[in-house]
Amino acid sequence: TLSLHDALPIFFSHPWLTNERFQILYNALTHTFQSQRLLRHLVRVLAARGSHVEAGKALHLYVDLFNKARETDAAQVARDVRKFRSRAEGQEEATNDDEDFDIDSDREFVRTLGFGTRLCCKYLDDPAGGLELARRAREVFDEKKDAELAGDKVEESRRSEEHTSELQSP
């Protein structure tokens with residue numbers, strides 16, 4: 001079977017389905033309000049539809065939800081809940097550390113804030129909001145909690161060193 005995580009990139013690869021995508025995401029969000037993944041995609045679909053004000057509202061909701069999940073370590077809370085439920089039901093506890101929680105990685109968050117910064121500056125005439133998003137993205141980037149994101153920073157510094165050495169060579 002195809003999971004939601006696997007289906008979303010396919011789902012968003014066809015631009016002519018924007019209104020249908022919006023309806024599907026909207027309906028899904030009526031069932032699960034706290035889905036970072038759905039909110040992240042909703043922001044992009046709303047922007048693609050030209051509904052920039054709504055996209056901005058969805059973006060701010062996404063940022064608030066991500067920040068709250070980070071404060072409470074939502075992934076650990078979800079693991080604990082699963083563990084307690086399995087104990088209560090008398091089932092064996094799952095030891096899979098690669099569980100799929102609907103919590104975005106820092107890398108996805110930073111990418112979304114990059115998109116949101118552009119949305120605020122270009123379409124919402126809110127450069128102060130865009131700057132705030134860019135600063136928050138930089139804070140998360142500098143914390144280095146996400147190994148993938150830290151790897152991106154290493155790659156970024158490599159490129160910077162290459163460009164610097166190319167500029168300095170005669």
Side-chain angles (χ1 to χ4, degrees), residues 4-15 17-19 21-26 28-30 32-78 100-168:
L4 177 63
H5 185 269
D6 297 331
L8 283 175
I10 297 166
F11 181 64
F12 287 100
S13 63
H14 302 289
L17 297 174
T18 303
N19 288 329
R21 288 184 207 149
F22 169 73
Q23 287 301 321
I24 291 169
L25 287 170
Y26 181 80
L29 282 166
T30 61
T32 174
F33 172 73
Q34 297 184 356
S35 172
Q36 293 177 15
R37 187 175 297 148
L38 289 175
L39 279 171
R40 175 171 30 95
H41 289 293
L42 181 64
V43 169
R44 292 183 184 271
V45 167
L46 286 168
R49 290 180 74 201
S51 304
H52 299 115
V53 173
E54 291 83 1
K57 290 178 182 179
L59 176 67
H60 289 293
L61 180 59
Y62 169 79
V63 170
D64 290 344
L65 188 61
F66 181 86
N67 289 336
K68 185 53 84 174
R70 231 166 168 246
E71 275 178 25
T72 60
D73 193 8
Q76 185 59 44
V77 170
D100 186 27
F101 299 109
D102 191 12
I103 300 165
D104 277 356
S105 66
D106 290 352
R107 185 180 200 178
E108 285 295 333
F109 182 67
V110 168
R111 285 180 177 174
T112 303
L113 289 187
F115 179 82
T117 299
R118 180 172 176 260
L119 176 74
C120 287
C121 293
K122 186 173 182 178
Y123 297 106
L124 297 177
D125 194 28
D126 183 16
L131 181 59
E132 182 182 325
L133 292 175
R135 285 182 177 151
R136 179 65 182 129
R138 187 67 200 192
E139 287 172 10
V140 171
F141 194 79
D142 288 341
E143 288 174 3
K144 300 179 186 178
K145 287 185 177 181
D146 187 335
E148 290 180 6
L149 192 57
D152 283 352
K153 189 166 186 175
V154 168
E155 186 61 33
E156 175 187 317
S157 69
R158 279 189 203 142
R159 288 185 189 147
S160 176
E161 289 171 9
E162 289 172 3
H163 292 299
T164 304
S165 64
E166 287 174 7
L167 291 173
Q168 292 175 351

For E132, all residues meeting salt bridge (charged side-chain N to carboxylate O under 4.0 Å, His left out), sequence neighbours excluded: none

Least distance between heavy atoms, A58 atom then L42 atom: CB-CD2, 4.3 Å

Sequence-distant partners of F109, ring pair (Phe, Tyr, Trp, His ring centres under 6.0 Å), two or more places apart: Y62, F66

C121 versus G130, closest heavy-atom pair with distance: SG-CA, 4.2 Å

Verdict with reasoning, T112 to L59, per side-chain contact (heavy atoms from CB on, under 4.5 Å): CA-CA 8 Å; T112 303; L59 176 67; 4.0 Å; yes

Under the ring pair (Phe, Tyr, Trp, His ring centres under 6.0 Å) test, residues paired with H52 that sit two or more places apart: Y123

Partners meeting ring pair (Phe, Tyr, Trp, His ring centres under 6.0 Å) with F115 (sequence neighbours left out): none

side-chain contact (heavy atoms from CB on, under 4.5 Å) assessment of L133 paired with L119: CA-CA 10 Å; L133 292 175; L119 176 74; over 6 Å; no

side-chain contact (heavy atoms from CB on, under 4.5 Å) between K57 and L46, intermediate numbers included: CA-CA 10 Å; K57 290 178 182 179; L46 286 168; over 6 Å; no

Euclidean distance, Q36 CD relative to L61 CG, rounded to 0.5 Å: 10.0 Å

L131: side-chain contact (heavy atoms from CB on, under 4.5 Å) partners, not counting sequence neighbours: R135

For E139, side-chain contact (heavy atoms from CB on, under 4.5 Å) partners two or more places apart: R136

Salt bridge (charged side-chain N to carboxylate O under 4.0 Å, His left out) involving E54 - partner list, sequence neighbours excluded: none

For R40, all residues meeting salt bridge (charged side-chain N to carboxylate O under 4.0 Å, His left out), sequence neighbours excluded: D104, E108

